[in-house]
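Positions are given from 1 along the sequence.
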Amino acid sequence: MLSQIQRFGGAMFTPVLLFPFAGMVVGIAIMLKNPMFVGEALANPQGLFFQIVHIIEEGGWTVFRNMPLIFAIGLPIGLANKAQARACLSVLVSFMTWNYFINAMGMTWGDYFGVDFNQAVGGESGLAMVAGIKTLDTSIIGAIVISGIVTALHNRLFDRQLPVFLGIFQGSSFVTIIAFFVMIPCAWLTLLGWPKVQMGISSLQEFMLISGPLGVWVYTFLERILIPTGLHHFIYGPFIFGPAAVEGGIQLYWAQHLQEFSQSTRPLIELFPQGGFALHGNSKIFGAMGIALAIYATAARENKAKVAGLLIPATLTAMLVGITEPLEFTFLFISPLLFAIHALLAATMATVMYLFGVVGNMGGGLLDQFLPQNWIPMFHNHAGMMFTQIAIGLAFTGLWFLIFRSLILRFNLKTPGREDSEIKLYSKADYQAAKQQRGGDIATQIIEALGGSKNIRSLNNCATRLRISLIHASQAAADDIFKQLGAHGVVRHGDSIQIIIGLHVPQVRENMESIMNNPTQPSSFVTES
């Protein structure tokens, strides 16, 4: 059960990867249209510069304005057991069919359901436009549910053999036909129950505002502490992309009001208190520095240069793009206590920042969120908040360093570079060889180390990890074998195994799937009994 939940959480990350670049485009475009940054002449709506920037900005809004559609199409990439592209097509058609059914039922029997489809979309109407269809605003929740239903139908029915005279309806056509009839009761139940869910969401939003600092602490702590399980997607997803804190999600709401907030002189915490639930990215910047410094400081003198070579790229990855797993898993494997302390410090830092008036959309790193969506556009009227944020962050960097250093020394934890702990470095020749075989060769070796393709029940990935469910976990190789293939670490739980690969994990997964679907694949071997 846990592996299925983890797989679902990993699948949610596929559409999430589209947001950083879109956010950068929108943030920079809004800044370039702001007269406080470019002057009145360039910010003139009738000028060529403004019009070009506006066109670019509109392209950047694509992802934000179509979040339900993108989540619906993106989830099958991670959830479909086979023919992911065809699964995406089936989900797209079925998701739109579901919305058309909702529209038709709502227009015809709106009084019965207590929904007025003659209202304008947005506001308190509970309606939205999805792919040009006027429907209930189910946000990404509806998209995830419908996508999950249709993908399950795809996994069960895609290979179903039909009589010869019905052969034209096999495969995706058969899945879409069955889904068509399934969408009818789904639309009916949505109209019957979703208005009540919307009332509950509204109450949840009010509760989150009332909870204030306590809510920020609990949210940030859970978002960090659940990273090893892969369940953290279920914590930040409803807040950042869903309606838990604000209608449409923090990401969309912040982007839509970016120019308004940047030009206002009122404190941001008054304008957007919900932004306290998007401060978890601060631990990726300020925490990463403190942790790396502690590991470096406790390394043996003769190993410091080697340890720095390992820590600098991992720390920069965390700070610049918000991917923390290479660094966090370094000490998670060595001591879960350190990871628990890390989560406590991250939650406490976010709460202190919130108490001092720091809010925004800061769940990523410097390049994708902090600079383009927060610090640069907000600097003119909210520089004081940023300086406060940086001061608190650097103070906590010191805390991370002192606490981690003390614990490493006190309990003699074998972090990289200490005594006989392993320090894995590669020569230039090793790097070139790894680069050449990073694709198919490494994929083949990982499959063999897992006991062969016949031992793999399901394969998925998140930002940096392969998530695999095995038929016989005992046939998988030892952790050291995977590390020799370039993995940063391995997490095992029952028949499930997670292999930390790095940012190129999507390519590795695709190569593995290609090899697994190729009947000429070499026979696998059992490496461990």
Leu89 and Thr176: CA distance, side-chain angles, deciding distance, side chain to side chain contact (heavy atoms under 4.5 Å, CB included) verdict: CA-CA 9 Å; Leu89 178 61; Thr176 306; over 6 Å; no
Stepwise side chain to side chain contact (heavy atoms under 4.5 Å, CB included) test for Met183 and Ile146: CA-CA 8 Å; Met183 290 304 104; Ile146 297 301; 3.9 Å; yes
Test log, rule side chain to side chain contact (heavy atoms under 4.5 Å, CB included), inputs Phe482 and Leu450: CA-CA 9 Å; Phe482 293 104; Leu450 290 169; 3.7 Å; yes
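Between the side chains of Gln484 and Gln445, no donor-acceptor pair of N or O atoms lies under 3.5 Å. Side-chain contact annotation: Asn303 with Arg418, donor-acceptor N/O pair under 3.5 Å absent.
A distance of 7.5 Å separates OG in Ser496 from CG in Leu470, rounded to the nearest 0.5 Å. The distance from the CD atom of Gln498 to the CD1 atom of Ile468 is 9.0 Å, given to the nearest 0.5 Å. Here Leu338 contributes atom CG and Leu345 contributes atom CG; the two are 10.5 Å apart, rounded to the nearest 0.5 Å. Atom CG of Asn460 sits about 7.0 Å away from atom CZ of Arg467, to the nearest 0.5 Å. Atoms CD1 and CD1, on Ile499 and Ile497 in that order, are 4.5 Å from each other to the nearest 0.5 Å. The structure places CG of Asn517 at 11.5 Å from CE of Met512, a figure rounded to the nearest 0.5 Å.
More than 12 heavy-atom neighbours from other residues, nucleotides or ligands sit within 6.0 angstrom of CG on Leu189. At most 12 heavy atoms of other shown residues, nucleotides or ligands fall within 6.0 angstrom of atom CZ in Arg86. Around the CZ atom of Arg509, the shell of radius 6.0 Å holds more than 12 heavy atoms that belong to other residues, nucleotides or ligands.
For Ile285, the side chain to side chain contact (heavy atoms under 4.5 Å, CB included) criterion is met by Met319, Leu366, Phe370, not counting sequence neighbours. Among residues two or more places apart in sequence or in another chain, the side chain to side chain contact (heavy atoms under 4.5 Å, CB included) test is passed with Met208 by Leu204, Ser211, Phe239, Phe277. Legend: residues meeting side chain to side chain contact (heavy atoms under 4.5 Å, CB included) with Val182, ordered by chain and number and at least two apart, are Ile149, Leu153, Ile178, Cys186.
Not a single donor-acceptor pair under 3.5 Å links the side chain of Gln251 to the backbone N or O of Ile240. Between the side chain of Lys306 and the main chain of Glu302, no donor-acceptor pair closer than 3.5 Å is present. The main-chain N or O of Asn81 is found under 3.5 Å from a side-chain atom of Asn155 such that the two form a donor-acceptor pair. With Asn282 contributing its side chain and Leu279 its backbone, the two residues share a donor-acceptor pair below 3.5 Å. Looking at Lys284, its side chain never comes within 3.5 Å of a backbone N or O of Ile323 through a donor-acceptor pair. No donor-acceptor pair closer than 3.5 Å links the side chain of Asp368 to the backbone N or O of Gly364. At distances below 3.5 Å, not a single donor-acceptor pair connects side-chain atoms of Ser94 with backbone N or O atoms of Val91. Side-chain atoms of Ser147 come within 3.5 Å of backbone N or O of Ala72 as a donor-acceptor pair.
Two residues are said to be in side-chain contact when any heavy atoms from C-beta on lie closer than 4.5 Å; Met349 and Thr220 fail this criterion. Looking at Thr138 and Pro68, their side chains never come closer than 4.5 Å, going by heavy atoms from C-beta outward. Contact annotation: the side chain of Leu459 approaches that of Glu513 to within less than 4.5 Å [non-hydrogen atoms, C-beta and beyond]. Residues Gln170 and Gln161 form a side-chain contact, since some pair of their non-hydrogen atoms from C-beta on lies under 4.5 Å apart. Two residues are said to be in side-chain contact when any heavy atoms from C-beta on lie closer than 4.5 Å; Ile442 and Asn511 fail this criterion. The shortest distance between side-chain heavy atoms of Phe339 and Ile227 falls below 4.5 Å. Between Phe411 and Leu337, the closest side-chain pair of non-hydrogen atoms falls below 4.5 Å. Contact annotation: the side chain of Met24 approaches that of Pro372 to within less than 4.5 Å [non-hydrogen atoms, C-beta and beyond].
Under the 6.0 Å distance and 45° angle rule, Lys82 does not count as a cation-pi partner of Phe158.
Between Ile456 and Met516, the shortest heavy-atom contact is CG2-CE, 3.8 Å. The two atoms that bring Val307 and Tyr296 nearest to each other are CG1-CA, 4.2 Å, heavy atoms only. Of all non-hydrogen atoms in Ala292 and Leu311, the two that sit nearest each other are O-CD1, 3.3 Å. The shortest heavy-atom contact between Ala476 and Arg492 is CB-NH1, 3.8 Å. Across all their heavy atoms, Met67 and Gly248 have their closest contact at CE-O, 3.2 Å. Thr298 approaches Thr415 most closely through the heavy-atom pair OG1-OG1, 3.8 Å.
Between His342 and Phe404, the ring planes lie perpendicular to each other; the angle is over 60°, past the 30° to 60° tilted range. Relative orientation of the Phe241 and Tyr236 rings is perpendicular, given thresholds of 30° and 60° on the angle between their planes. Relative orientation of the Phe221 and Trp217 rings is parallel, given thresholds of 30° and 60° on the angle between their planes.
Listed by first and then second residue, the salt bridge (charged side-chain N to carboxylate O under 4.0 Å, His left out) pairs that reach into residues 179-190 come to none, sequence neighbours excluded. Within the structure, the salt bridge (charged side-chain N to carboxylate O under 4.0 Å, His left out) test picks out the following pairs touching residues 221-230 (sequence neighbours left out): Arg224-Glu328.
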Cut-off 3.5 Å, no hydrogens considered: what does the side-chain donor-acceptor table look like for residues 96-105, sequence neighbours left out?
{"from": "Thr97", "atom 1": "OG1", "to": "Val93", "atom 2": "O", "distance (Å)": "2.7"}
{"from": "Trp98", "atom 1": "NE1", "to": "Thr190", "atom 2": "OG1", "distance (Å)": "3.3"}
{"from": "Asn99", "atom 1": "OD1", "to": "Thr135", "atom 2": "OG1", "distance (Å)": "3.0"}
{"from": "Asn99", "atom 1": "ND2", "to": "Phe95", "atom 2": "O", "distance (Å)": "3.0"}
{"from": "Asn103", "atom 1": "ND2", "to": "Lys134", "atom 2": "O", "distance (Å)": "2.7"}

